[in-house]
Structures are given as structure tokens and as C-alpha cells.
**Student:** 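Dropping a structure here in C-alpha cells format, bear with me for questions.
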Amino acid sequence: MNRIWYGGDYNPEQWPRDVWDEDVELMRRAGVTVITLGVFSWAKLEPEDGRFDFGWLDDIIDRLHSAGIRVDLATATASPPAWLALKHPETLPVTADGVRLGTGSRQQYSPSSRTYKRYAGRLVRALAERYGSHPALEAWHVNNELACHTRHDYSDESAAEFRNWLQRRYGDIETLNQAWGTAFWSQNYSSFAEVMPPRAMPTFPNPTQRLDFDRFTSDAWLGVYRAEVAILREITPDVPITTNFMGFFIGADYWSWADELDFISDDHYADPADPAAAAYAAMTRDLMRSLGRGRPWILMEQATSAVNWRTRNAAIPAGWHRALSLQAVARGADGIMQFQWRQSRAGAEKFHSAMVPHAGTDTRIFRETVKLGQELAGLADLVEARVDARVAILFDWDSWWAHEQDASPARTNYVAEVFRWYRELWDYGVLTDFVRAGEPLDDYDVVIAPAVLVLSEESRAVLAEFVHTGGHLLATYLTGVLDENLHAVLGGYPGPALRDILGVWIEEFAPPAAPSMSLGDVPNLEIDGLAAGVATGWGEVVRLDGAEVRSWFRGGILDGLPAITRHAAGSGIAWYAATAPANAAALMRELLDGASIPFESDLPIGVEWVTRGERTFVINHTDEWKWVDGVHLEPFGASVSQPPVRCSHSDER
Ligand code: GLA
């Protein structure tokens, strides 16, 4: 489509038909270009086993089509009808302590259930056959937020699938025993039949069993996606397919999913109470662009104001929604969609904002909805335009899962660690990609590996090669401590390949001590030298093996030992940070300067500066006026430059 997607989830089945007429009229007024239909419509589309009712869907799709609005048609499989659970209770998911979840909410099915997939597949086939050649069809929206509510399923069917998955991964039980380190605590298995998912158990589960269950679970949900995609590709090979991601979502390793989507789409609900919300939103946008390998993506859901699921559901200030929408476009989105078009009157989400609020059209929200539609219509020149970054951060789901385990070094909040370093780059207006561990790094000059706890031998080799061939690497504490089976590397972290390029090795972890019973915060560390001042949360005993010390710890058991080091290796530079300086700006400046990456050192805090295509976006995410490069930005204001005026063909002559 040569327009930016603008619209949202629409649930006409919640409303009488006279409201549909008004909806289509209002959508035109708001410049809506795409509507997502049918996400939770299964019970309406198939009210009884095998009896389909498509009449209402035909009607609304035709109405939208007549109004020139395209349809992102959901496969409606996200919330199975109650009759399926009654007939096949084995499709329901089971928690770690054996509770089978019930109906009355949504997403009550196990990703391993063959029966669920059979019924879902029948519905998908019927939809594809009926609407596959409808002129309004823009894309298929498979299921919805896969793995969102019931991430792990511990049912017997999942247990059997887990064993099959393990058998494929390890081949024989002895290899599994080695990988899982089952010599510990008498966990040795004699056959795959003895292996269980990590259901409720007396104390720490085997870490590799836990990690493999996380990996298996991600694959199981991908299996739900694939089962639907296989049918859609068979019947409508030319219709693009997506499923909506959830940003930094722990349940699914999106790197292994991304290539199976024709375009990436994402749901993001920025929290107005969080002063870092805009920077965090930028980080998820950059992840989405990176998952799609630079291709444009769609912001599939966001709220026009309050959500209904936080402890306090604050309204968002005027301008904030526009600012975050433009941020997404600047960072590669070709679509700005919301949940949802019309605010529900009943049900669990009736207090969730929408494009048309309960109060109607004489409202700030609806006025902003219309204005944003007009503005996005004027940005159509950006469709398909790419945004290129020279800096990347390594992001790794295995490491995330490992950090979350009870048996991890520090129960580190991995995404917060990643964000800490991303934020430094954001403050300097440096566009950042994310990369998967082990993938080539040739497109980048600077790579940051923050707390990447798990690294395979191959991934270590890629990092080493990156530095040898001229790359600038910053690895931080807790990187490369474990291999892909969660076995510790021996002879000093982070193991031979990285040790050589970093010129350091880690003898021991030494986070600041805090009494276990203390309710207070963990005490801070302090460092001198580059990025001097307070450093937070974590410290390590760094031993030098060729690196130059740029900062050192002050006080405590680490007094005088290296905190930040720099090492020239091959034609590149490798930095190591054994702690996180509260103010890492000086370190970042040196890292970026060393690689000749331009940055904006005068950018006011909370102002974002991004160039996409031929337009520059300057966005003020604060509630204060800001003055940037001759542009005066009101609170939550944004300026988007015009593309250069092109001479027409005749002018050129
Ligand atoms: C998710 C879901 C939507 C809706 C919103 C509410 O993103 O996909 O159906 O529940 O959350 O924030």
C-alpha cells in the first residue's frame, strides 16, 4: 500500500449495525486507511462446532471496502469458543502446579494441543477461502499476541511434545544428560520417557531443563503460527502475513520467528508514568526494525490514552500519542494502528481508551485521532523508506531466560541492562539496531554486548572477528559467562576467545554486599577515572591481560581494581565495563568518537532526533518547551521536515 496504515482493531460484533454506519463515516473523517477485523470473533464466526456464520463479517468488510478502507483480517483463533473447551477440555492449558485453566477470559488453549490446531485450522481455511480474494484484504493477522497470557503450558500433551523436541535436539539421552549436567543432584535420566517439563518442584529446577523448556515453549507458539500460515500460503500465496509481537517479550525468541513473517508488527503500550517511556518505546521500535532486517514494520496496537490493566491507568497528556506515533514512523514504521477503534461498552476492556471514546467525538481524543490521520496521510513519501544504523546492541533471548532463573548470578533484569546502554545512545541521538548473537556484524562499526550471559563458541568467534577486523566492541559485566547449555566457562570469564580480544579476564563476581534480610536498596559502588562517580549494582574482580585501565573501583573490596578497560586487538578496539557507571556519557563519547560515529552532544534531554528517508524528525517527549537547532518545540511537540522539493521533468529541461 502506498499510504501509511492508520486505524486499529475494530470489533463491530460488540455493536448494533447503526453504529457500524457511524463508524465507517467517522473512519473516513479520521483518515483511517486500514482496520484490523475479527481478532476475537471465533465464537461469532463459528457459534457451534462446524456451523459458520460469515454474514456479519461479509457485511462489514463490504462497507469498509466501499469507504476505501483496507482490511487486516485476523484469523480469529486467539480466543476459542466455550464449546471447544466443553467438548475438548484437553485443549485447555495447565499451570506449573497442575491447575487446568478455564473459559470466560481469552486465549485458553495449549500451544501444543493438536485438537486446538485442528479446529483453528478449519476456521482459518474457511476464512481464507471466503475472503482470500476480497479486494479489501490487505494482510492476514494470524492469531493475536501469541503466548501473551498463557506462556508455559505444563499439560501432558505439552510434556509429550517437550520430550519429542528434546529428542530432536539431543538425539540420545546421554547427550541430554551431558547438556543438562544431570550428574548434579542425582538428576540422571535413563530414557526420554522419564523427562518432564519443569513443573512445580521442591527447589531450583535444573537450569538447562528450564532453559530448554523456555526454548521449547517459544517453538511451540511458533508452531501455532506456522500451522495457520501453512493454510494461508496454500490458499492465498500472495497475501502478506503477520502476527503482532509484544516488543521485548520474554515468552518468544522473536529472532527465530521474524523471518517467517512477511512484515513485522508490534504492540506497544507506553506508560505515561514512566519518565523513560519514550526512550524505551524507541528501543522497541528499533528492535522491530532489526527483527525485520531493516524492512518497514507496522505499529499494530497502541493506546490513544489510558489502558485498563495497570495499577493506575493514567490518561496520556495532549500531544504524547502523536509524538510516539511519529517516533515509530521515524524509526521505520509504515503503519500506526491502535487498540481499538471504538471503546467497548462492556467486557474487561471497557475502560481502555480507543480512537472513539465513550464520550463520543466532541473529545480531545477524537480530535487528536482526526489530526493524526491527516498528518500521516502527508507522510506517504516515507512508505518503504529505510533507516540505517552503524551501531548495534546484541540481544539474546537465551541470556534473558538464563538471567531470570533462580540459579543465575544476580537475577539481573536483563532488558533493564540493555536499556541502560541503549539509553546512553538515545540521549546522543544515535540510531541503534539490535542483532542476534552469532549473526554477522559487518554492517556495524560499534557493537555493545550488555550482560549477554550466554554465548556459544560460534557467537564468541563472531565477536572476536568483528574486533579483529576493525570493529569497536563494548562488552559489559556478566557477558559470556555461560555456554549454550548454561555451563560456566572455565579458566576465567568470559572464556578464551573474548578474553583475548578484551585483554582482561574475570576472576570473581563481587557485587556490593547487602544483608539478605535487608529491605533497603543494594548499595552503590564508586569508580574513578573515565565516567567517574557512582556505579550501580554490580562489580567484578577484573584481571588484566593486555588491556589499559580507564577507570577503577574506589572503596570496598574492589578498591583500586579495574572497572572499565580498553584494549586494541587486531585493527579494532574492545572495551570491558565491569560495572555500570551512573553517568556513562564520557565512555559513550569515547566509544563513538573512536569509531567516527557522529552524535548530537547538545540534544536536550528527552528530545529525539531521527532521520528517515528525506525527512528529519525532532520530537520533544517532555512536558516542557525545548529549543533545538532553531526549532521551538512545545511540550510533547514534534517537527517533521519537508522533503526537498523536486523539479518536475519539464523544469529540469
Ligand atoms: C493487547 C491485545 C488487545 C488488547 C490490548 C489492551 O495488546 O492484543 O486485544 O487486549 O492488549 O491493551
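Order of appearance sets the numbers: ligands from 1, and atoms from 1 within every ligand. Only a predicted model underlies this, so the values are computations on that prediction, with no experimental measurement involved.
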**Student:** Quick one: does Arg322's side chain have a donor or acceptor within less than 3.5 Å of a partner on Gly637's backbone?
**Tutor:** no
**Student:** Can you list the atoms of ligand 1 that are under 4.0 Å from a heavy atom of Trp309?
**Tutor:** 6 (C), 12 (O)
**Student:** Name the closest protein heavy atom to atom 5 (C) of ligand 1, giving the residue it belongs to and the distance to 0.1 Å.
**Tutor:** Tyr269 OH, 3.4 Å
**Student:** Between Tyr254 and Trp397, what is the ring plane arrangement, given parallel below 30°, perpendicular above 60°, and tilted in between?
**Tutor:** perpendicular
**Student:** Under 4.0 Å from a heavy atom of Phe40: which atoms of ligand 1 are those, numbered in the order shown and with their elements?
**Tutor:** 9 (O)
**Student:** What heavy-atom pair brings Glu384 and Asp334 nearest, and what distance separates the two atoms?
**Tutor:** N-OD2, 2.9 Å
**Student:** Looking at ligand 1, would His149 count as a contact under a 4.0 Å heavy-atom criterion?
**Tutor:** no
**Student:** Are Arg215 and Trp401 in a cation-pi setup, meaning NZ or CZ lies under 6.0 angstrom from the ring centre and within 45 degrees of the ring axis?
**Tutor:** no
**Student:** Using a 4.0 Å cut-off to any heavy atom of Glu349, which atoms of ligand 1 qualify?
**Tutor:** 4 (C), 5 (C), 6 (C), 10 (O)
**Student:** Of the protein's non-hydrogen atoms, which lies at the shortest distance from atom 9 (O) of ligand 1, and what is that distance?
**Tutor:** Arg106 NH1, 3.0 Å
**Student:** Within the structure provided, determine whether Trp341 and Asp9 are in side-chain contact (heavy-atom separation under 4.5 Å).
**Tutor:** no
**Student:** Short N/O distance, under 3.5 Å, between Asp9 and ligand 1?
**Tutor:** no
**Student:** When the aromatic ring centroids of His621 and Phe636 are compared, is their separation below 6.0 Å?
**Tutor:** no
**Student:** Please work out, at 4.0 Å between heavy atoms, whether the side chain, the backbone, both, or neither of Val39 comes within that distance of ligand 1.
**Tutor:** neither
**Student:** So does Asp49 pair up with Arg122, basic N to acidic O under 4.0 Å?
**Tutor:** yes
**Student:** State the atoms of ligand 1, each with its element, that fall below the 4.0 Å cut-off from a heavy-atom position in His352.
**Tutor:** 6 (C), 12 (O)
**Student:** Flag Glu301 as yes when one of its N or O atoms lies below 3.5 Å from any N or O atom of ligand 1, and as no otherwise.
**Tutor:** yes
**Student:** Is the count of non-hydrogen atoms from other residues, nucleotides or ligands lying under 6.0 Å from Lys350 atom NZ greater than 12?
**Tutor:** yes
**Student:** Would Asp267 count as a contact residue for ligand 1, given that I'm defining contact as a non-hydrogen atom of the residue lying under 4.0 Å from a ligand atom?
**Tutor:** yes
**Student:** So, is Glu145 polar-close to ligand 1, with some N/O to N/O distance under 3.5 Å?
**Tutor:** yes
